[in-house]
Amino acid sequence: MIDLVAQSLFSGVLSGAYYALIALGLALVFGTMRVINLAHGELVLLGAYISYTAEEKLGLDPLASLPLALTLVVATAMAVYYLISLIKTDRELNSLILTFGIGVILTNAVLMIWSADIHSTTTPWYHDATILFDTLFAMQAELVFAALGIVLVGAVWWWLEKSWYGRALRAVASNRDAAKLMGVNPQLTEVLSFAVSGLLATVAGVAIYTAKVIQPSLGHHLTVKAFIITVLAGMGSVPGVLLGAVLLGVVESLTVTLASSALQELAGMVLFLVVLLLMPSGLFGRAKRRG
Amino acid sequence: MLLDLDGITVAFGGLIAVGDVTFAMAEGDVLGLVGPNGAGKTTLFNAVSGLVRPTRGQARFLGRDLVAMPIHARARAGIGRTFQVPQPMHELTVRENLMVASRFATGRIDRERIAEILDLLKLGHKADADAATSLALTEQKALEVGKALATNPKLLMLDEVLAGLETAGKRAFMHTLAEVRQRYGLGLLIIEHDIETITRLCPRVVVLNFGRLIAEGSPDHVFNDPEVIRSYTGGEAA
Amino acid sequence: MSKSTLCVSAVALSLMLGLAPADAAELKIGAEIPLSGNLARVGSAMNEGIQVAAEMFNKKNGKHTVKVLVVDDESSPAKAVGAVEKLAADGVIAYTGGYGSNIIGPASEAAEKLGKVYITSGGVASELTKRGLKTFFRINSSEGYARALMGMFSEVGIKSVAVVYSTKEATEEVAKMLQTGLGAKGVKVTMHAFDPATNDFKPIVHKIKLQDRPEAIAMIGYENDYVGILRAAKVLKPDIKTIAGVWSLATSKMAAEFPDLMENVSGTSTLSYPAVFTTPEAKEFAETYQKMFNKAPDYLGIFGYVQSKLLFDAVARAADAGTIDKGGVASELRKTKTESVIGKVSFDEAGDNPEFTHRMGQHQAGKVELVWPLEAATGKMKYPALPW
Amino acid sequence: MNNSVKIAVFLALSYVAVPLALGSNTYVIGLIVAALTIAGIAVAWALLGNLGGMVSFGHAAFFGVGAYVSALLTLRGGWPVFPAMLMAGVGAAIASVATMPALRLRGPYFALAILAYAEIFRILATELKPVTGGAAGLLSIPRLPNVLGLDFGSKLGGYFVILTIVVAAMAAYHLIRRSAYGLALKAMHDSEDATRVVGVNSIVLKAWMLMVSAFITGMVGAFNAHYINFLEPDYAFAGQWTMLAIVSAIFGGYRTVSGPLAGALVVYLVDQLAFKPILPQGHQIVLGVLLGAMILFNPGGMMSMLTAKFLRKEASHAA
């Protein structure tokens with residue numbers, strides 16, 4: 001039993017780091033622009049499919065396909081930002097509907113270009129086992145991307161807290177007009193946060209293509225997971241994303257181990273609602289979401 | 001007592017916006033609430049109308065405990081208020097604004113009273129115009145008062161309804177307020193900056209500074225109080 | 001993109017046919033099938049089999065020809081009903097096609113209301129044949145999948161099995177059949193349901209490894225689930241003797257896409273890969289398929305072909321007897337008793353094919369060998385043998 | 001044209017002209033029934049969105065609950081179909097009570113919290129096998145009945161039933177909007193506080209709108225169950241129901257009563273008749289484009305655009 005729970009916790013933490021990778025971009029844009037990008041999961045998926053094509057056609061290792069995937073996904077993210085910037089009134093809700101529409105467009109575009117077949121990397125190294133302390137098992141890919149997830153969360157946190165750009169971003173987030181008076185160009189900072197979110201989506205996409213199996217309908221599912229984590233984290237908290245993601249991962253895997261895998265999604269959703277309804281600022285956040 | 005505040009304190013995080021304020025009003029009283037910017041006057045209004053919850057203290061209205069009462073219930077109990085920045089209900093006409101207030105605060109739409117209020121506030125000719133787009137500032141302020149009156153209040157809290165009006169307009173509005181008070185026998189709690197206005201309207205005044213009540217009494221008495229004078233000059237310097 | 005070009009031409013063709021004046025000697029058959037939506041891939045594959053059946057029938061049968069009108073049901077139950085009705089308006093005699101029990105259910109009820117035969121191989125739920133429909137037929141069923149899997153397990157004498165299954169309808173049904181069927185034979189069965197959204201199977205496989213300690217794992221899911229389970233199993237290496245699954249597993253596609261994962265894994269299969277066709281009919285089918293679609297047929301194409309061929313034959317017999325309008329197609333189909341490319345076919349009162357038993361194929365060195373039943377086998381089952 | 005004439009023309013067209021002209025073409029009637037099903041959800045969605053000021057991404061939750069309630073009452077409880085459909089509305093409204101804690105949440109949070117509820121309901125429907133039949137779903141759900149010689153189980157009968165549901169929903173939308181409740185709800189859009197201090201209990205009003213919206217959606221779900229005679233969790237709680245309704249309501253204009261209906265008819269029929277043949281796979285991409293374009297360039301939707309044009313024309317005639 002101890003072995004089971006230990007492995008379950010370990011799997012949950014690894015899943016959590018991978019979830020954090022998916023959620024970080026969404027949380028960043030949400031924190032800085034108050035915009036929930038419902039096409040974020042589709043951007044992740046786009047990154048995954050580009051990585052697939054690069055491996056299939058050019059024989060590139062998934063990690064080596066990052067520059068190519070980055071270029072295309074960030075460009076797409078910029079296009080999404082441009083469309084959001086066209087919204088004139090009630091940006092909070094209208095952007096929700098707009099990005100929902102963009103998600104539908106991207107999902108169907110992926111379906112048309114890559115068809116409904118499932119794909120995953122064919123480089124076997126990623127799926128080889130690593131065994132820690134004789135009892136904890138993981139795929140190499142999971143370890144690689146969990147590490148990458150933690151590093152990126154740290155990098156984004158450092159960027160927001162310490163760098164000048166990050167401060168400008170936070171200034172815009174808390175008060176757009178006041179930030180303008182301080183000589184910060186809100187548009188520029190928002191473009192930047194969207195670009196970084198595109199970058200994070202790409203890495204997450206490559207991670208999914210490598211460690212999991214991709215198919216066109218996955219995008220929406222990823223967005224929902226990312227949003228759940230953002231809520232758990234509380235708005236504006238970058239370390240919260242990692243902790244919220246790990247919490248979700250652990251709750252899911254413990255549900256599988258102690259109850260049934262059939263209830264795993266249910267457990268995640270219930271956790272989400274409980275935190276949403278009972279903890280007005282998330283587990284680690286500052287801002288309230290009641291109104 | 002109409003309104004009875006005992007040790008009301010509102011804290012936002014570490015900031016004490018209203019600190020331990022105690023005073024009372026009898027039915028039909030007119031009380032001025034003055035103090036420099038940021039003294040906590042509007043926050044006190046919000047605490048009485050329910051938009052913020054006091055951190056400490058007791059508040060009773062006609063003997064009923066206010067603290068646990070939701071916002072809408074306070075309106076139904078007889079507390080009406082205006083907002084410093086007029087908040088006309090968009091997409092609604094002036095008359096519809098008053099209808100909403102009448103319907104939800106009293107349980108039925110009292111069309112006669114609405115017509116009377118519109119008349120009193122000289123909004124009759126704009127009754128069916130769009131409230132958000134077709135009113136001048138004076139009219140918007142009048143509509144604020146009208147909405148509050150339509151709730152059939154026993155206490156009307158006016159948040160700087162006279163600010164921003166030129167002298168003639170101010171005179172006329174003060175006259176209207178006096179008429180309103182007479183007609184409906186209301187208690188009035190008035191936030192106002194202009195000392196002359198306050199002196200003319202209110203037999204009794206309460207002064208707040210940095211959230212604390214620093215003086216209370218007749219306008220003559222209060223505005224000659226050295227602490228009040230200091231707070232005003234200090235306030236202006238800041 | 002060739003698939004969508006095909007779909008476009010199929011739809012265009014059906015539109016043209018719908019507009020063309022009816023030819024008296026021609027028997028119109030409707031194909032209601034998913035060409036878009038989440039079942040697009042399997043639907044397109046089945047449709048290829050249907051087209052091949054029409055081509056072969058028209059070449060051979062001098063007296064009658066068939067014309068197949070195709071309407072896409074977009075993988076949606078409501079639109080499948082719409083498609084059945086549209087085809088009826090275009091004057092079809094009967095329907096072939098359908099994929100997914102949830103879509104076939106309402107679509108076949110619509111066909112029943114219209115008094116027209118509906119034959120399929122895309123829905124295996126036993127619920128479908130418990131409705132008492134008079135015009136519903138299918139050539140396969142969940143039992144056939146469960147029987148094949150159980151047959152293979154008992155062939156090698158397995159005593160305990162862990163069943164890992166998706167909470168979808170068809171998967172859950174096959175899993176339950178395994179549970180009762182294997183249980184009846186005294187095999188110890190443990191059940192592990194998973195949500196279709198599951199992507200990390202390590203906790204489940206670990207439970208199996210440490211708690212169940214079975215001799216075999218049976219996977220009842222879909223392609224992405226199989227990949228996830230096999231990867232988790234490769235990492236955790238439970239001490240089992242064989243790992244097997246059902247549909248979409250012992251396929252050429254899986255062999256090509258995931259060669260390192262599939263070795264020694266078994267799944268239900270009609271054909272070996274590369275396919276070895278022995279009977280003359282099967283050979284002709286494979287040749288025609290190759291000519292029309294420039295590729296080797298897969299199991300979906302074969303099912304589509306068999307169901308359509310049986311239907312065409314029955315329609316032709318009913319036309320000869322002049323009973324098409326009097327329910328003749330259904331009664332002719334009920335007389336069917338034949339050896340087909342997928343084995344014996346006959347129909348009981350409910351329209352089910354009680355003879356249906358799937359075969360089992362095993363991935364061996366990039367190929368799929370049929371290993372069960374022995375009379376159909378093209379190779380010997382490797383046992384005990386695992387992908388790791 | 002004044003409003004009552006417009007309504008009379010609309011009713012005459014939909015109850016008399018359409019059945020007479022298209023009644024024999026079951027395929028087209030089938031498409032229209034499907035479009036009206038979407039329209040029903042879209043009206044309910046718009047009512048909540050416009051009056052309640054709440055955008056929901058989980059209306060499939062109420063659709064699915066309604067469908068299951070009605071199907072189970074008729075299949076297991078032996079209820080007649082029409083009363084069961086009414087109870088389905090009630091059941092969905094009761095289910096909406098479970099979602100009411102979410103009313104305290106701000107816009108986007110509410111929208112996605114409802115989505116979580118839809119997901120939870122779907123999983124519950126899958127897991128509560130003894131009641132719902134689990135993933136296998138329910139087959140052979142009773143069809144709409146024969147009443148006084150009218151066969152509502154036929155295509156055309158189904159058309160009349162769903163049309164009546166949609167018309168009733170639009171009437172409810174219109175009446176609520178015109179009432180004092182509607183005025184108060186409208187007022188809440190801009191300043192909820194200013195509305196509350198005149199005695200409006202905003203949470204209760206929003207809760208009512210959520211219940212009305214859920215009731216309508218549940219009825220539509222029940223209709224669909226008896227029309228298709230089939231249910232399974234993935235189908236009953238499919239995101240498609242929400243997605244198509246949102247696209248329709250936004251496209252048609254969700255601040256107008258007629259917008260969601262017009263939007264559903266245009267979006268669904270154009271999608272099915274024009275785009276599906278051209279793009280068999282992925283034609284929903286067009287829906288995404290329509291949705292995005294409308295939000296960006298004409299947030300008022302098609303009906304407000306048409307009305308504006310019409311008014312301009314009338315004005316130029318007058319001049």
Side-chain angles (χ1 to χ4, degrees), chain A residues 30 34-36 38-39 80 83-84 86-90 92-113 115-116 216-217 220 223-224 227-228 230-231 235 260 262-274 276-278 280 288-291, chain D residues 49 53-55 57 98-124 126-127 134-135 189 192-193 202 239 242-244 246-247 249-251 254 279-297 299:
Chain A
F30 189 31
R34 301 285 190 273
V35 164
I36 298 175
L38 287 183
V80 175
L83 292 174
I84 291 175
L86 295 179
I87 294 175
K88 289 173 200 79
T89 56
D90 197 3
E92 198 172 27
L93 277 180
N94 281 339
S95 66
L96 203 64
I97 297 171
L98 174 68
T99 54
F100 178 66
I102 295 172
V104 173
I105 294 173
L106 286 177
T107 296
N108 284 285
V110 165
L111 183 67
M112 282 157 85
I113 298 171
S115 87
S217 58
H220 175 72
T223 306
V224 172
F227 181 75
I228 290 176
T230 307
V231 164
M235 196 164 80
S260 157
L263 302 175
Q264 145 183 349
E265 292 293 300
L266 188 66
M269 288 295 170
V270 169
L271 174 69
F272 165 70
L273 279 182
V274 165
L276 189 58
L277 298 175
L278 300 183
K288 291 198 172 188
R289 49 179 169 250
R290 297 224 177 119
Chain D
M54 291 171 288
V55 171
F57 276 95
T99 68
M100 278 178 188
L103 283 175
R104 290 185 304 183
L105 301 171
R106 276 205 354 251
Y109 289 104
F110 174 82
L112 292 150
I114 296 289
L115 178 67
Y117 277 106
E119 194 60 15
I120 288 175
F121 289 166
R122 180 187 68 74
I123 298 172
L124 288 179
T126 312
E127 291 301 311
H189 286 182
E192 203 165 319
D193 283 346
S202 59
T242 312
M243 196 267 273
L244 286 168
I246 294 179
V247 176
I250 296 285
F251 186 79
Y254 74 104
L279 295 169
Q281 197 160 39
H283 58 96
Q284 287 198 337
I285 200 167
V286 180
L287 298 183
V289 173
L290 284 181
L291 185 61
M294 265 296 171
I295 272 290
L296 286 181
F297 304 116

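Just so we're on the same page: letters track the sequence lines, and every chain starts at 1.
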Salt bridge (charged side-chain N to carboxylate O under 4.0 Å, His left out): which pairs involve residues 103-112 of chain A, sequence neighbours left out?
->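 Not a single pair qualifies under salt bridge (charged side-chain N to carboxylate O under 4.0 Å, His left out).
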Distance, nearest 0.5 Å, that separates CG of D:L296 from NZ of A:K88 |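 It comes to 7.5 Å.
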D:E127 CD to A:L266 CG distance, which is reported to the nearest 0.5 Å |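 The distance works out to 8.0 Å.
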Highest number of heavy-atom pairs under 4.5 Å with chain D: which of A:I97, A:I36, A:L86, A:I84?
->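 The option with the most such pairs is A:I97.
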Checking A:V110 against chain D: side chain, backbone, both or neither under 4.5 Å from a heavy atom?
->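 A:V110 has no heavy atom closer than 4.5 Å to chain D.
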Go through the structure and list residues passing side chain to side chain contact (heavy atoms under 4.5 Å, CB included) with A:I102, not counting sequence neighbours.
->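 Checked A:I102 against side chain to side chain contact (heavy atoms under 4.5 Å, CB included); matches are A:A39, A:V80, A:L83, A:L98, A:L106.
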[X] portion near chain A, given a 4.5 angstrom heavy-atom threshold:
X	answer
D:A293	neither
D:M294	neither
D:L115	side chain
D:I250	side chain
D:I246	side chain

Looking only at heavy atoms, which two atoms of D:A113 and A:F272 are closest? And how far apart?
->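 Where D:A113 meets A:F272 most closely, the heavy atoms are CA-CE2, 4.0 Å.
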Side chains of A:L38 and D:F57: closer than 4.5 Å at any heavy-atom pair?
->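 Yes, close enough: below the 4.5 Å cut-off.
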Note, D:I285 side chain near A:V104 side chain (heavy atom, < 4.5 Å) =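 D:I285 does not reach A:V104 side chain to side chain.
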Option that, when pairs with chain A are counted at under 4.5 Å, heavy atom only, ranks first among D:V55, D:T126, D:L112 |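 Highest number of heavy-atom pairs under 4.5 Å: D:L112.
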The single option from A:L278, A:L277, A:L273 passing side chain to side chain contact (heavy atoms under 4.5 Å, CB included) against D:P101 =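 Between D:P101 and the candidates, side chain to side chain contact (heavy atoms under 4.5 Å, CB included) is satisfied uniquely by A:L277.
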